[in-house]
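Worksheet: one structure, shown below.
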Amino acid sequence: MVSIRDFTMPKKFVQMLVFNLTLTEVVLSGNVLIWPTDGSHWLNIKIILEELIQRNHNVTVLASSATLFINSNPDSPVNFEVIPVSYKKSNIDSLIEHMIMLWIDHRPTPLTIWAFYKELGKLLDTFFQINIQLCDGVLKNPKLMARLQKGGFDVLVADPVTICGDLVALKLGIPFMYTLRFSPASTVERHCGKIPAPVSYVPAALSELTDQMTFGERIKNTISYSLQDYIFQSYWGEWNSYYSKILGRPTTLCETMGKAEIWLIRTYWDFEFPRPYLPNFEFVGGLHCKPAKPLPKEMEEFIQSSGKNGVVVFSLGSMVKNLTEEKANLIASALAQIPQKVLWRYKGKKPATLGNNTQLFDWIPQNDLLGHPKTKAFITHGGTNGIYEAIYHGVPMVGVPMFADQPDNIAHMKAKGAAVEVNLNTMTSVDLLSALRTVINEPSYKENAMRLSRIHHDQPVKPLDRAVFWIEFVMRHKGAKHLRVAAHDLTWFQYHSLDVIGFLLVCVTTAIFLVIQCCLFSCQKFGKIGKKKKRE
Amino acid sequence: GKVLVWPCDMSHWLNVKVILEELIVRGHEVTVLTHSKPSLIDYRKPSALKFEVVHMPQDRTEENEIFVDLALNVLPGLSTWQSVIKLNDFFVEIRGTLKMMCESFIYNQTLMKKLQETNYDVMLIDPVIPCGDLMAELLAVPFVLTLRISVGGNMERSCGKLPAPLSYVPVPMTGLTDRMTFLERVKNSMLSVLFHFWIQDYDYHFWEEFYSKALGRPTTLCETVGKAEIWLIRTYWDFEFPQPYQPNFEFVGGLHCKPAKALPKEMENFVQSSGEDGIVVFSLGSLFQNVTEEKANIIASALAQIPQKVLWRYKGKKPSTLGANTRLYDWIPQNDLLGHPKTKAFITHGGMNGIYEAIYHGVPMVGVPIFGDQLDNIAHMKAKGAAVEINFKTMTSEDLLRALRTVITDSSYKENAMRLSRIHHDQPVKPLDRAVFWIEFVMRHKGAKHLRSAAHDLTWFQHYSIDVIGFLLACVATAIFLFTKCFLFSCQKFNKTRKIEKRE
């Protein structure tokens with residue numbers, strides 16, 4: 001055994017050397033154009049583009065003049081091309097706030113789903129108006145388009161939540177790829193990306209179901225898929241005409257999106273329920289996660305003061321800034337009753353019930369805190385980024401989901417046994433306290449969180465490297481057409497084999513009909529013969 | 001960790017062997033189960049592999065010879081339908097042998113006890129011979145499957161829950177591609193149903209009884225195979241048409257391929273003597289090394305007419321039409337030859353190993369498929385633009401000559417072959433490393449249950465949502481029925497009212 005190991009070392013060293021040489025050889029300087037989406041989505045794109053720059057690529061970000069997080073920095077190696085728009089930052093703020101309040105006040109249930117989608121429809125109209133300005137700001141901007149053409153880009157990387165990235169790529173004649181978390185009921189992935197999603201075991205995104213569904217749940221799932229398909233078909237109509245106009249030929253949003261070379265999905269099988277996918281889909285969940293760095297001195301001292309009890313990290317994300325005073329007091333009251341220290345990211349008024357064990361921060365180094373050995377639990381709104389940091393570091397969660405994919409995300413973590421959910425609308429201090437005690441004291445939650453962490457870390461290539469690899473692949477090969485499934489060239493009735501089934505049914509029916517006719521004819525003839533005999 | 005390997009033979013063993021050698025290099029202990037008369041596995045030679053040998057009552061080599069004769073000399077003379085019947089008869093016959101072999105292992109209490117006590121961490125199985133999964137279940141060991149394809153892809157779809165929409169995923173062994181006309185899609189659908197029921201009737205029912213008896217409870221082959229933690233499929237997207245798959249499927253085509261090594265001196269001299277014309281490499285694989293004298297002469301006659309030199313792997317009688325440009329070899333270093341810069345084309349039966357060596361080195365092919373997945377493999381390469389196919393049954397010297405000239409002189413074939421080669425080499429991790437990674441993953445995590453689709457726990461009518469659709473249709477029908485009843489009732493009442501008015 002020892003001799004085998006000794007023999008192994010030189011070979012591994014050689015392999016490492018060859019690998020490094022290969023890396024050196026493979027590195028090329030490409031031109032990447034980024035079509036981002038604002039908000040927490042930008043955080044993911046930002047990490048990818050930083051890595052691209054690290055690998056000697058030129059990166060240019062297309063962004064509007066009214067962004068929340070996307071900002072140019074004179075020291076940054078990133079190039080920015082500004083898209084002039086007439087809406088203001090406050091319009092974006094307002095839209096997002098309305099979206100959040102819609103979810104909080106009308107979280108979709110069987111009873112409220114119709115009202116929810118009616119309100120959502122109004123917000124989508126507003127979003128459309130804003131998005132269309134962004135599109136026009138580029139596509140109907142000859143100067144900007146000329147500069148982009150001259151830029152000689154090799155690939156466009158888009159977050160499809162903000163529509164038109166694909167359109168820009170087509171006008172520039174370059175391949176494009178997507179990076180996204182999901183679309184509702186995976187409508188875009190299913191219809192435009194042609195990824196199959198059998199309703200019997202793949203829960204619709206936002207349905208809050210898991211892959212283990214009872215008969216009733218599978219009915220709900222089927223209806224959920226159908227309903228969201230209907231809503232998005234309605235929503236897409238406006239975009240279809242816009243796309244057709246820009247491209248100068250009849251087309252649809254979906255057909256154009258379907259030309260994406262690669263879809264980078266920001267989840268992995270530690271989070272996801274296993275389901276079918278296509279070779280041009282790459283799951284890169286957790287690409288933003290990194291090992292923890294040392295904390296600021298004051299914060300570290302606060303944590304160490306928790307002794308054996310450890311700390312709880314609490315954040316409701318980058319988008320939610322304030323809670324009602326009542327709600328904040330309710331939460332603070334629960335936090336005050338646990339033996340752990342709490343670091344709470346909160347910008348609102350200091351709650352009256354705030355305990356000595358809790359400190360408020362405008363901002364926290366969340367990843368570093370979650371990676372701290374004294375962290376016992378994470379109270380989170382269930383954003384994918386935060387959840388992945390918790391998975392990365394093996395920290396169990398109390399989920400307080402508010403909007404968009406958050407309820408679904410927490411449903412996943414509950415199913416994986418790493419989280420307990422608390423309802424933000426109906427929560428009491430007792431609820432939160434009970435949930436915290438459960439995830440901290442019940443060993444199965446920590447065990448499950450660590451299991452997901454081990455799964456996450458046990459990948460042949462880490463997610464960020466894979467994400468960048470495929471961007472580089474698309475540049476090297478001018479696309480990834482060999483991964484594009486033939487389903488893109490089929491109509492919907494061909495895709496579902498309805499034409500074949502129809503044809504076969506007609507054949508069977510015709511055959512049966514002919515057989516019956518022959519039988520009847522024979523019977524009739526026999527009957528006639530019988531009559532003749534009688535007559536004679 | 002400790003790895004136990006279920007036996008397989010011929011070209012299948014060549015693939016598994018590469019994985020095993022890599023596992024040993026990484027410090028794992030590997031034990032290979034084998035019967036006493038394998039064709040390629042040389043268990044007597046000193047090796048880092050451990051072997052557990054089980055003696056079989058019957059000589060299996062005899063059946064290999066029967067199969068070779070059947071494929072080469074009997075089937076080509078028959079019509080398609082007769083071929084199918086003949087082949088089916090052979091499989092029914094061989095099934096008995098396979099069962100006997102299973103019993104030799106499963107019911108060998110000494111062996112089973114020994115294996116149990118060794119506490120293996122994972123079992124590696126090529127399911128071409130059934131029962132590996134059964135043994136894994138009896139030993140309570142997680143297992144990883146490694147395969148190219150099952151008949152009609154039925155095992156992957158039914159047991160592995162691999163979705164395969166018939167509108168664009170061709171049924172394996174049909175010769176179809178992902179671009180199908182309407183009639184081809186009809187054919188695809190019908191063959192899918194045909195394969196499904198044939199496999200169910202011919203194979204699964206047969207093994208169902210055996211598996212249930214061995215496990216002491218009712219079960220099916222599909223249920224047991226479906227417990228595979230990972231499916232290592234020996235293809236990749238350079239060869240495959242893109243299709244949906246599940247996260248516990250890993251595509252590792254070409255894992256056996258390596259850079260070319262230097263050729264033996266005499267062979268290198270022969271290659272160099274070809275000058276600018278280059279060489280053609282010709283092999284019909286490890287199984288088919290003899291063809292009829294007539295066929296050999298047809299082939300040799302064509303080869304004699306090309307300017308290139310030919311290296312032909314052939315063990316039969318020297319053809320009378322053999323040209324001065326052609327040399328016969330009992331064995332050739334195929335990978336090294338294909339990797340040689342002077343190699344212009346590869347004449348191949350279309351076995352997956354050879355095809356991947358050609359892809360690896362970017363060599364265009366003339367395909368002469370004979371049986372099994374070979375026809376399908378060549379259909380793939382044709383669709384990718386890297387091969388021309390000729391029919392083994394009906395081929396003439398002119399056919400072969402024309403095909404060779406086409407792939408050698410039409411630059412698109414070389415270009416397409418090089419494109420596939422670039423795609424193959426441009427992977428984040430090379431296939432052998434990924435194959436070994438997932439075997440190690442299964443050992444580290446005692447399985448890969450987080451990658452197992454929930455589809456495995458559904459019945460067929462649940463899986464296809466027939467129960468949900470039925471329920472919803474029943475709801476709609478009931479609603480329509482009730483509405484109609486109410487409407488009729490209202491009409492009736494209204495009519496009565498009018499009658500009353502008339503009477504008054």
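Note: hydrogens, waters and symmetry copies are ignored here, and every other heavy atom, side chains too, is used. Note on naming: letters A, B, ... go to the chains in the order of the sequence lines (proteins, then strands), and numbering restarts at 1 for each one.
For H477(A), the part lying near chain B is the side chain, with the backbone staying farther off; criterion is any non-hydrogen pair under 4.5 Å. For S189(B), the part sitting under 4.5 Å from any heavy atom of chain A is the side chain, from C-beta outward, and nothing else. Only the side chain of L472(B) comes within less than 4.5 Å of a heavy atom in chain A; its backbone stays farther off. Contact annotation for Q243(B): only backbone heavy atoms (N, CA, C, O) come within less than 4.5 Å of a heavy atom of chain A. With a threshold of 4.5 angstrom between heavy atoms, L490(A) approaches chain B through side-chain atoms but not through N, CA, C or O. Contact of Y245(B) with chain A is made through backbone and side chain together, with heavy-atom distances under 4.5 Å. If you measure heavy-atom distances from D178(B) to chain A, the contacts under 4.5 Å come from both the backbone and the side chain. With a 4.5 angstrom heavy-atom cutoff, R484(A) touches chain B only via backbone atoms. Proximity to chain B is absent for every atom of N221(A), based on heavy atoms less than 4.5 angstrom apart. For a residue to count as touching a neighbouring chain, one of its non-hydrogen atoms must lie under 4.5 Å from one of that chain's; by this rule F273(A) does not touch chain B. Both the backbone and the side chain of P247(B) come within less than 4.5 Å of a heavy atom of chain A. Only the side chain of M190(B) comes within contact range of chain A, judged by heavy atoms closer than 4.5 Å. Looking at F493(A), neither its backbone nor its side chain comes within 4.5 Å of chain B, counting heavy atoms on both sides. For a residue to count as touching a neighbouring chain, one of its non-hydrogen atoms must lie under 4.5 Å from one of that chain's; by this rule E440(B) does not touch chain A. Heavy atoms closer than 4.5 Å to chain B are found in the side chain of L504(A), but not in its backbone. For chain A, the nearby parts of H463(B) are the backbone and the side chain; heavy atoms of each come within less than 4.5 Å. Within the 4.5 angstrom heavy-atom criterion, only side-chain atoms of P196(A), from C-beta onward, approach chain B. For R444(B), the part lying near chain A is the side chain, with the backbone staying farther off; criterion is any non-hydrogen pair under 4.5 Å.
For the residue pair Q459(A) and R466(A), a side-chain donor N or O sits within less than 3.5 Å of a side-chain acceptor on the partner. In summary, the side chains of R185(B) and S497(A) do not present any donor paired with an acceptor at a separation below 3.5 Å, with no hydrogens or angles considered. Residues T267(A) and E272(A) bring a donor and an acceptor atom of their side chains to less than 3.5 Å of each other. A donor and an acceptor atom, one from each side chain of T146(B) and R234(B), are located under 3.5 Å apart.
Between the R454(A) side chain and the A449(A) main chain, no donor and acceptor come within less than 3.5 Å of each other.
With respect to chain A, the highest number of heavy-atom pairs below 4.5 Å among K384(B), R419(B), Q246(B) belongs to Q246(B). With respect to chain A, the highest number of heavy-atom pairs below 4.5 Å among T177(B), V169(B), D467(B) belongs to D467(B). Among V461(A), D465(A), L483(A), the residue with the largest count of heavy-atom pairs under 4.5 Å with chain B is L483(A). Contact count against chain B (heavy-atom pairs under 4.5 Å) is highest for P279(A) among P279(A), A487(A), A486(A). Note on P163(B), A455(B), A448(B): by heavy-atom pairs under 4.5 Å with chain A, the leading option is A455(B). The candidate with the highest count of non-hydrogen atom pairs below 4.5 Å against chain B, out of D458(A), I455(A), V202(A), is D458(A). For the options L278(A), I195(A), D211(A), L452(A), heavy-atom pairs under 4.5 Å to chain B are most numerous at L278(A). Contacts with chain A were tallied for L451(B), L162(B), D238(B); L451(B) has the most, counting heavy-atom pairs under 4.5 Å.
Taking the six-membered ring for Trp, H424(B) and Y356(B) have ring centres closer than 6.0 Å. Taking the six-membered ring for Trp and the full ring otherwise, F241(B) and Y168(B) have centroids separated by 6.0 Å or more. Taking the six-membered ring for Trp and the full ring otherwise, Y225(A) and H191(A) have centroids separated by 6.0 Å or more. Remark: aromatic rings of Y277(A) and W269(A) are close, center separation under 6.0 Å. Between Y495(A) and W492(A), the gap from one ring centroid to the other reaches at least 6.0 Å.
Annotation: Y464(B), atom OH; neighbour count of heavy atoms from other residues, nucleotides and ligands within 6.0 Å does not exceed 12. With a 6.0 Å radius and a threshold of 12 heavy atoms from other residues, nucleotides or ligands, K414(B) has its NZ atom above the threshold.
The OG atom of S158(B) sits 5.0 Å away from the NE2 atom of H196(B) when rounded to the nearest 0.5 Å.
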Practice item. Decide yes or no on ring-ring contact (aromatic ring centres under 6.0 Å, His included) for H457(A) and Y392(A), but give the supporting numbers first. Key: CA-CA 7 Å; H457(A) 288 285; Y392(A) 186 94; 4.5 Å; yes

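Here the closest non-hydrogen pair linking G253(B) and P431(B) is O-CG, 3.4 Å.
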